[in-house]
There are 2 protein chains.
Amino acid sequence: MVDTAPPADAVGTRYGARPTMKDVAAHAGVGLKTVSRVVNGEAGVAQDTERRVREAIAALGFRRNDSARVLRKGRTSSVGLILEDLADPFYAPLSRAVEEVARAHGALLINGSSTEDPERERELALALCARRVDGLVIVPASRDHRYLEPEISAGVATVFVDRPPGRIAADLVLSENREGARAGVAHLVAHGHRRIGFVGDRPHIHTAEERLAGYRAAMSDAGLPVDEAWVAPGATDPERVRRDAGRMLGGAEPVTAIFAGNNRVTVTLVRLLAAAEHRTALVGFDDFELADLLSPPVTVVAQDPAAMGRRAAELLFARLAGAGGPPRRLSQPTRLVPRGSGELPPGG
Amino acid sequence: MVDTAPPADAVGTRYGARPTMKDVAAHAGVGLKTVSRVVNGEAGVAQDTERRVREAIAALGFRRNDSARVLRKGRTSSVGLILEDLADPFYAPLSRAVEEVARAHGALLINGSSTEDPERERELALALCARRVDGLVIVPASRDHRYLEPEISAGVATVFVDRPPGRIAADLVLSENREGARAGVAHLVAHGHRRIGFVGDRPHIHTAEERLAGYRAAMSDAGLPVDEAWVAPGATDPERVRRDAGRMLGGAEPVTAIFAGNNRVTVTLVRLLAAAEHRTALVGFDDFELADLLSPPVTVVAQDPAAMGRRAAELLFARLAGAGGPPRRLSQPTRLVPRGSGELPPGG
DNA sequence: CGTGGACTAGACAACGTTGTCAACTCTGGG
DNA sequence: CCCAGAGTTGACAACGTTGTCTAGTCCACG
């Protein structure tokens with residue numbers, strides 16, 4: 001069979017050798033700049049010349065080397081995204097939204113996961129800057145972003161999402177964490193609960209701190225005391241959540257409802273409560289797939305990660321397009337989604 | 001407040017101007033090449049000289065321009081990943097695994113979502129090649145990858161995952177789709193089902209085709225006839241799944257069990273069956289979070305997307321390290337996870 | 001037939017880095 | 001006092017592209 005044989009022409013395409021514009025020019029019998037013009041669709045090339053150049057390009061399998069182009073032009077048409085974990089169901093849509101906006105602006109997206117490690121965030125950010133990304137979208141793991149100062153003043157547009165930057169001023173897109181948590185806890189109060197627990201993320205994380213503040217605000221709004229035994233601002237690993245929640249649910253005056261500070265905590269609590277004797281009310285921060293199919297369906301305070309990613313990316317490209325002015329701070333509302341678990345009465 | 005003022009030193013760091021090695025050299029009073037040596041940790045620089053260079057680097061906020069470096073060296077230390085949708089819970093861990101392997105090899109990951117559009121896959125792949133990524137990991141949307149021939153022969157290592165490439169030979173990592181589906185359907189047969197439906201993805205997708213073949217094989221193994229009314233190799237959009245499954249479940253001889261061809265179909269069926277009168281057995285291809293918390297908990301044939309990503313990336317870096325030989329084809333086993341829905345008896 | 005303008009084309013420098021190579025400064029041994 | 005050799009250092013070209021500038025060709029018009 002003839003057509004399964006390797007292509008026999010291979011005019012100058014030895015393995016590993018990439019044809020350059022110079023090669024194309026030689027093959028087509030024209031000057032280097034003419035090839036450049038054809039490749040970039042610039043005007044001023046005669047039809048016949050253009051045809052010859054295109055044939056040479058096809059024959060050699062030429063593809064423009066964007067590294068050289070970038071070096072010459074100064075812009076890479078790529079942006080970087082650094083977040084905690086690309087595989088986290090909360091961040092995946094955010095990443096996807098940034099990608100879509102980038103694509104609409106003709107840019108590629110390079111992303112990296114910081115795994116909540118400040119040093120890794122820094123390494124990634126600087127590596128991306130060395131690649132000369134035009135801009136950065138960052139979900140911070142670090143508490144100090146002064147390392148970005150030279151980059152920002154060199155013109156790298158930078159937008160922070162989900163958590164504020166540390167020790168520098170920059171554009172920012174946040175969820176209304178405090179208000180969301182407050183509404184979620186108020187919802188439990190409205191359904192008759194007076195002893196409400198809070199299980200959240202490590203307190204040095206901004207969102208966790210805000211949500212805890214929202215919890216306290218709602219309790220205070222309702223004139224309810226907070227027993228510190230009801231508050232577990234610990235880690236989110238399942239073991240610890242089980243232990244902390246178990247403590248709240250035992251004892252003489254157990255909580256009748258729990259507010260979960262993020263989706264991982266919520267899921268762990270769903271498992272725990274499903275196995276428990278009493279029906280404890282539950283409201284979780286963050287929506288998650290299938291929440292409506294659990295029994296009882298889980299009431300949540302939903303964020304909109306795709307909208308956050310989209311707005312952050314739009315802010316970024318606005319800056320790249322030359323938008324000036326002081327750092328902007330956008331706030332993305334949350335939405336209470338009652339599904340059942342948050343409407344259980346006390347003493348179920 | 002003094003410390004909110006912009007940094008006043010700005011030695012040569014005008015906004016938008018990036019210091020180069022030349023600037024650092026001038027600032028430190030040394031030659032250009034000496035700066036290069038320090039930046040790259042090469043030997044042969046006197047301690048005192050090195051100190052002066054490092055001070056200049058810090059003072060100017062210099063960061064090496066990797067575009068220029070790439071142009072000179074030919075390798076970018078970055079790899080590309082193209083998949084259908086980064087936010088899909090099946091692909092997110094795959095992407096994450098590729099990232100981890102890339103990181104271990106000092107490479108950055110650039111990813112793009114093809115959204116199942118062949119033309120977009122092609123655009124993305126070529127854009128990545130123009131950036132001169134060292135290698136590509138691709139979950140194909142296209143059926144014809146001959147467009148990659150010049151790239152591959154120019155030395156871009158290429159590995160396909162989840163689905164085979166079209167019309168070219170290349171390294172490949174697949175799940176055992178056929179065997180997995182066969183085992184899942186056999187599991188239903190072993191629990192007494194004789195009329196089993198299949199709802200799967202569009203048949204031009206390789207995995208969908210294989211899973212359907214596995215379904216037919218299992219039925220044939222058991223000596224069971226397949227009524228074509230039980231087979232719905234349609235789209236995966238919820239409307240169509242509901243319609244097709246509804247048809248199988250109505251009529252004179254309704255199916256007593258359904259095998260779902262992927263996670264999106266499974267979730268739609270869970271919703272449908274939860275609202276139905278009879279309890280229909282269900283086994284789904286692909287695991288998903290919270291499957292164990294539904295009622296009944298969902299029995300699945302689990303793939304291991306992280307392992308697939310890891311193995312694909314390892315194959316890629318092995319090629320980049322010089323591994324020769326013909327294209328390799330790796331197979332990743334699936335695992336049947338009985339949880340309840342697949343063990344329901346017929347006629348529930 | 002001369003001239004101006006439109007159109008086409010290519011020579012050349014520059015982008016910021018790294019590899020090559022030559023040159024310089026010491027040191028110590030003969 | 002000379003020289004070999006080690007230890008430093010920098011000049012220069014090259015990577016592949018694009019911006020600038022000059023020059024040639026052709027046609028219409030006076």
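All values below come from the heavy atoms of this structure, side chains included, with hydrogens, waters and symmetry mates left out. Chain letters run A, B, ... following the sequence lines, proteins first, then strands; residues in each count from 1.
- Across all strands shown, Asn40(A) has heavy atoms under 4.0 Å from sugar-phosphate atoms exclusively, and none from any base.
- Along DNA chain C, the nucleotide nearest to Leu71(B) and the one nearest to Lys33(B) differ in position, and the one closer to the 5' end is contacted by Leu71(B).
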Exercise for the section: Please report the C-alpha distance between Val24(B) and Val38(B) in whole Å, then the side-chain angles of each, then the deciding distance to 0.1 Å, and finally whether the side-chain contact (heavy atoms from CB on, under 4.5 Å) criterion is met. Expected result: CA-CA 11 Å; Val24(B) 174; Val38(B) 171; over 6 Å; no

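- The interatomic distance linking Arg131(B) (CZ) with dG16(D) (P) rounds to 18 Å, in whole Å.
- In this structure, Asp48(B) places its CG atom 16 Å from C1' of dC26(C), rounding to the nearest Å.
- Side-chain nitrogen and oxygen atoms of Thr34(A) include at least one within less than 4.0 Å of the OP1 or OP2 phosphate oxygen of dG10(C).
- Checking Ala68(B) against Gln47(B), the closest nucleotide of DNA chain D that is more toward the 5' end is the one next to Gln47(B).
- From Glu116(A), atom CD reaches atom CG of Asp88(A) across 10.0 Å, with rounding to the nearest 0.5 Å.
- When heavy atoms are screened at a 4.0 angstrom cut-off, Arg64(A) is found touching the sugar-phosphate backbone but no base atom.
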Problem - Evaluation steps, side-chain contact (heavy atoms from CB on, under 4.5 Å), between Arg311(A) and Val159(A) - result: CA-CA 10 Å; Arg311(A) 295 179 76 187; Val159(A) 179; over 6 Å; no

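- The side chain of Thr49(A) places no N or O atom within less than 4.0 Å of a non-bridging phosphate oxygen (OP1 or OP2) of dT8(C).
- Checked options Ile168(B), Ile152(B), Val137(B); the residue passing with Thr158(B) is Ile152(B) (criterion: side chain to side chain contact (heavy atoms under 4.5 Å, CB included)).
- Computed from coordinates, the Met21(A) CE to dC15(C) P distance equals 19 Å when rounded to whole Å.
- For Lys22(A) and dC15(D), the NZ to P distance is 6 Å, given to the nearest whole Å.
- The phosphate of dT18(D) (OP1 or OP2) has a side-chain N or O of Arg69(A) nearer than 4.0 angstrom.
- Arg51(B) CZ: more than 12 foreign heavy atoms inside a 6.0 Å radius.
- The residue Val70(A) sits apart from the nucleic acid: no heavy atom pair falls under 4.0 Å.
- Distance CD (Glu50(A)) to P (dG10(C)): 14 Å, rounded to an integer number of Å.
- In this structure, Arg72(B) and Arg132(B) both approach DNA chain D, and ranking their closest nucleotides by distance from the 5' end singles out Arg72(B).
- Atom-to-atom, CG of Leu32(B) to C1' of dT17(C) comes out at 8 Å; the value is rounded to the nearest Å.
- Within the nucleic acid shown, Val30(A) comes within 4.0 Å of sugar-phosphate atoms alone, with no base atom in reach, counting heavy atoms only.
- Closest-nucleotide positions on DNA chain C for Asn65(B) and Arg37(B) were compared, and the one nearer the 5' end corresponds to Asn65(B).
- The existence of a salt bridge linking Arg103(A) and Glu99(A) is excluded, since no basic side-chain nitrogen approaches an acidic carboxylate oxygen closer than 4.0 Å.
- Across all strands shown, Val39(B) has no heavy atoms under 4.0 Å from either base or sugar-phosphate atoms.
- Here Lys73(A) does not reach the OP1 or OP2 of dA14(C): none of its side-chain N or O atoms lies under 4.0 Å away.
- Of the side-chain N and O atoms in Ser36(B), one or more sit less than 4.0 angstrom from OP1 or OP2 of dT18(C).
- Atom CZ of Arg63(B) is separated from atom C1' of dT17(C) by 17 Å (rounded to the nearest Å).
- Regarding Glu42(B), its CD atom lies at a distance of 9 Å from the C1' atom of dG19(C), rounded to whole Å.
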